Protein chains: 4
Amino acid sequence: MAKPLNENDKSRQGWKQNPEAVKRDIIRVAMTEFAQNGLSGARVDRIAASMKTSKRMIYYYFGDKEGLYAQVLEYAYAKVREGEKKLSLDDLPPLEAIAKLVGFTFDHHRNNPDFLRMVMIENIHHADYLRRSEIIPKMNSAAVERLEKLIARGEADGVFRSGLDPLRLHWQISAFSVFNVANADTFGANFGSALFTAKGQAALRREVIETILAYVRKPREEETP
Amino acid sequence: MAKPLNENDKSRQGWKQNPEAVKRDIIRVAMTEFAQNGLSGARVDRIAASMKTSKRMIYYYFGDKEGLYAQVLEYAYAKVREGEKKLSLDDLPPLEAIAKLVGFTFDHHRNNPDFLRMVMIENIHHADYLRRSEIIPKMNSAAVERLEKLIARGEADGVFRSGLDPLRLHWQISAFSVFNVANADTFGANFGSALFTAKGQAALRREVIETILAYVRKPREEETP
Amino acid sequence: MAKPLNENDKSRQGWKQNPEAVKRDIIRVAMTEFAQNGLSGARVDRIAASMKTSKRMIYYYFGDKEGLYAQVLEYAYAKVREGEKKLSLDDLPPLEAIAKLVGFTFDHHRNNPDFLRMVMIENIHHADYLRRSEIIPKMNSAAVERLEKLIARGEADGVFRSGLDPLRLHWQISAFSVFNVANADTFGANFGSALFTAKGQAALRREVIETILAYVRKPREEETP
Amino acid sequence: MAKPLNENDKSRQGWKQNPEAVKRDIIRVAMTEFAQNGLSGARVDRIAASMKTSKRMIYYYFGDKEGLYAQVLEYAYAKVREGEKKLSLDDLPPLEAIAKLVGFTFDHHRNNPDFLRMVMIENIHHADYLRRSEIIPKMNSAAVERLEKLIARGEADGVFRSGLDPLRLHWQISAFSVFNVANADTFGANFGSALFTAKGQAALRREVIETILAYVRKPREEETP
DNA sequence: TATGAATGAGGCTTCATTCAT
DNA sequence: AATGAATGAAGCCTCATTCAT
């Protein structure tokens, strides 16, 4: 009742005295700025201009530009890893589970381009900030563990090629899904944008799934004892 | 501090009066700087400090920092595309040719990490500078055309799956080869560096080739009429 | 981060509701900060971080940083002048009293380096804050008055040179005792630290006493009528 | 002829392209600012406003504020030590030479208050910048060496007390001469300004000389064998 | 052609202080 | 009486770029 509903109105300062909301606001705005311009290209003033609070708060809560960047990176990972939890594969036959996983990853990365831009920027910085994070490493085990279980099921069922490595399989799926987004601009500029239309992406998605399936699937030779 | 008067007899002051040599020197040094730090992270002063000539020459020959960056980008593409010409596939059976092509691309990208960093940086900049180049687009057709011919051969020989799209196949091969280098730092930080040791890379290389082959190869069902 | 609820039973929140104790705590902490860093070099945040109470209290009790500085200065003078009261010279022969006074002053200043740093800082500020104090001027008469009496005794006893000026004599004693502490760092850096070891200080102390005595003592020529 | 005579006219930029002149100008202006306000109290913008060149040059030539401060400190020492060379004592009898030296030092420090303010500021900083200087230590030996020679002469002539230590004697002379300037403001505020009028200073000067002489002079007891 | 000197504009960050509860 | 949150003003410094010779 007392608090104004219009959060975007800077003069209605109902969001004040709510540190978590202020920090979230800063991170949200900063993520766009960093994702678009990189660490050195980002401008603190531009971030401040888009925030509900004053520039000073960036330093109050994050210390400096790099501190803010580090937090944005953690936030980006947390959000994307959170989204991955939605996927459940346990009640599907192994090959269908693989197909679903690849399709889901492909879509998930497409839907989070800013996350992938942060990842690219981190690679420019040799993953220095990621390595310093204490929480990001904890988020990463799930994907590979899920694949580990799935491979075990597929091998037990006799539908998977033997000797599959979960980490390398994860690498392959990531390669396709990341490259599709992270390198879209240069690939498009070099070879045309056909692959990046709705139709082109649908075809690519099908093909990527098919490629992984073709690799994972047990070849005929292995079938007979 | 003081420049030696007699670096070696042949080149002593010989690079002066030779604009092309001066430009090449600048570009070579600038490529390292841009590849390591990105466009906004690169420092004109650092480039100048590593050069044989003075900072003023950068502006004399390239106008400004962005002009230099654009030239470096073109140089990077030219060098890598030049290297790709060494590969000849025509005298190999189609499947072996594919295997060789994938392996070569994987290796070639590994051997040119600075080129891939420039590509990532271009993606951060939405490929704006690449798009403005007049020479880069001309260099790119070869790869896809070569695949086109190869696919035709493979289909004619009855060893390739039907309906393969050369552009999408190029995309897949690129995805693996680019991701391997461009995302090595974050992937390594997230999942360990096992895949990036000499042994890990060899296994990955084999697997990548096998994956593409598994996809390209005509499946058993298609064999019988 | 979180303050313990039970620091120790007696003082638990006991200093609250006790404005004088809070002010003393602030002044004590602030004196260290000002003495170490000067007025402009001191940081309100650092003072606050070392206090038992919050930063807001500084402004509540002292108005602003300069107000706090002024109070710290007064406190520093009060403490040192208080210490000087311990010295009684009345029951000693005049020359011995001088020797004791010089030695005491030398020691007293050595034992209160923060006071002397405040004095130096005040000199940097042209003694502006000292001049505005209402209580400091009242504390200073004692030293000169004591010397006045002592000189009278010494002259009456015929052991002192005639025409001694108490203010100038106080100035001489101060010069030695203050310089010894206030300029120890630069003197040591320029000429080595030999004079500032325990042994060096002892020798210096003896010499300083001897110098003042040599000056104060009635020369032989004056002895005979 | 071609160069404008009016160096103060900013629009006549004849001083340009003369790095040494520019650096000297900056140092001269900066010394006033640092001497008046200390290191943290000094404002780069204020220095810039008083200079003939732009603020940017401070960073071009001195790196940062601390770098400039360090250079100013060296300049202050160099200038004062240079001035001390003017004094020659060799053709005077030892006691007269001491009197002249003390009087000269007293005057010299009075005439260079900004130097002494720099020294005080250095003491606030624990002589950190002085210690890092590579040239200041080399300037300091002269004063003590001169005293060493003088003491040797005085002892040989039988007019000096035996066992005089040159370093400690230098310390005494410095104590008086430095204190007189460095602590003038607080001493004046505490005890009145009588000692700092022309007349007061003359009396003080005489007394300081007399005090040192009284100490140095061989006492009567020592005269007879 | 070539260079060391010079710079305006704008970047990041810190500071003492006040606000809202 | 007390506090954590918040801030405007101003500080130091860096950058790509141009000038003067």
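Keep in mind that this is a model prediction, so the values were computed, not measured. So that the names make sense, note that chain A is the first sequence line, chain B the second, and so on, each numbered from 1.
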Item checked: Rounded distance (Å) that lies between atom C1' of F/dA6 and atom OH of A/Tyr61 -> 8 Å
Check: Of C/Arg56 and D/Gly63, whose closest DNA chain F nucleotide lies nearer the 5' terminus?
Finding: C/Arg56
Check: Does the side chain of B/Thr53 get closer than 4.0 angstrom to OP1 or OP2 of E/dA2 through an N or O atom?
Finding: no
Check: Taking OP1 and OP2 of E/dG10, is either one under 4.0 Å from a side-chain nitrogen or oxygen of A/Arg43?
Finding: no
Next item on the list: Taking only the side-chain nitrogens and oxygens of A/Tyr60, find out if one of them lies under 4.0 Å from OP1 or OP2 of E/dT14.
Entry: no
Next item on the list: Might you point out which heavy atoms bring D/Arg43 and D/Glu33 nearest each other, and give the distance in Å?
Entry: N-OE2, 3.0 Å
Check: Should A/Asp114 and A/Gln36 count as side-chain neighbours, where that means a heavy-atom distance under 4.5 Å?
Finding: yes
Checklist line | Given E/dA6, E/dT17, F/dT7, the nucleotide with the shortest approach to the side chain of C/Lys55 | finding: E/dT17
Checklist line | A/Tyr129-A/Glu66 side chain donor-acceptor pair, cut-off 3.5 Å | finding: yes
Check: Among the nucleotides F/dC12, E/dA16, F/dT7, which one has an atom lying closest to any side-chain atom of A/Ser54?
Finding: F/dT7
Check: Where is the tightest heavy-atom contact between A/Met31 and A/Ala76, given as atom of each residue plus distance?
Finding: CE-CB, 3.6 Å
Next item on the list: Report the distance from atom CG of D/Leu39 to atom P of F/dG11, rounded to the nearest whole Å.
Entry: 15 Å
Notebook entry, point to check: If each of A/Glu66 and C/Gly41 is mapped to the nucleotide of DNA chain E with the nearest heavy atom, which maps nearer the 5' terminus, i.e. the 5' end?
Noted result: A/Glu66
Next item on the list: Among C/Phe62, C/Phe34, C/Tyr75, find the one that has a ring pair (Phe, Tyr, Trp, His ring centres under 6.0 Å) with C/Tyr69.
Entry: C/Phe34
Note to self: Between P on F/dA6 and CD on A/Glu20, what's the gap in Å once rounded to a whole number?
What the structure shows: 10 Å
Checklist line | Touch class at under 4.0 angstrom, heavy-atom based, for B/Ala48 against every strand present | finding: nothing
Next item on the list: Rounded to the nearest angstrom, tell me the gap between atom CG in A/Asp64 and atom C1' in E/dG11.
Entry: 14 Å
Item checked: Presence of A/Tyr59 side-chain N/O under 4.0 Å of E/dT13 phosphate oxygens OP1/OP2 -> yes
Check: Watson-Crick or G-U wobble partner for F/dA2, using a 3.5 Å limit on both distances?
Finding: E/dT21
Next item on the list: Specify the separation, in whole Å, of atom NZ of D/Lys65 and atom P of E/dT13.
Entry: 18 Å
Note to self: Regarding D/Phe62, tell me which of base, sugar-phosphate or nothing describes its non-hydrogen contacts under 4.0 Å with the strands shown.
What the structure shows: nothing
Note to self: Of the options F/dT3, E/dA6, F/dT17, whose atoms approach the side-chain atoms of D/Met57 most closely?
What the structure shows: E/dA6
Next item on the list: Counting heavy atoms from C-beta on, name the nucleotide in E/dT17, E/dA6, F/dA16 closest to the side chain of B/Val44.
Entry: F/dA16
Next item on the list: Quickly work out the A/Asp45 CG to E/dG10 C1' distance and round it to whole Å.
Entry: 9 Å
Notebook entry, point to check: Judged by modelled atom types alone, do D/Ser133 and D/Glu74 share a side-chain donor-acceptor pair under 3.5 Å?
Noted result: yes
Check: Atom NZ of D/Lys23 to atom C1' of E/dA6: distance rounded to whole Å?
Finding: 14 Å
Item checked: Length of the NZ-P vector between B/Lys52 and E/dT3, whole Å -> 13 Å
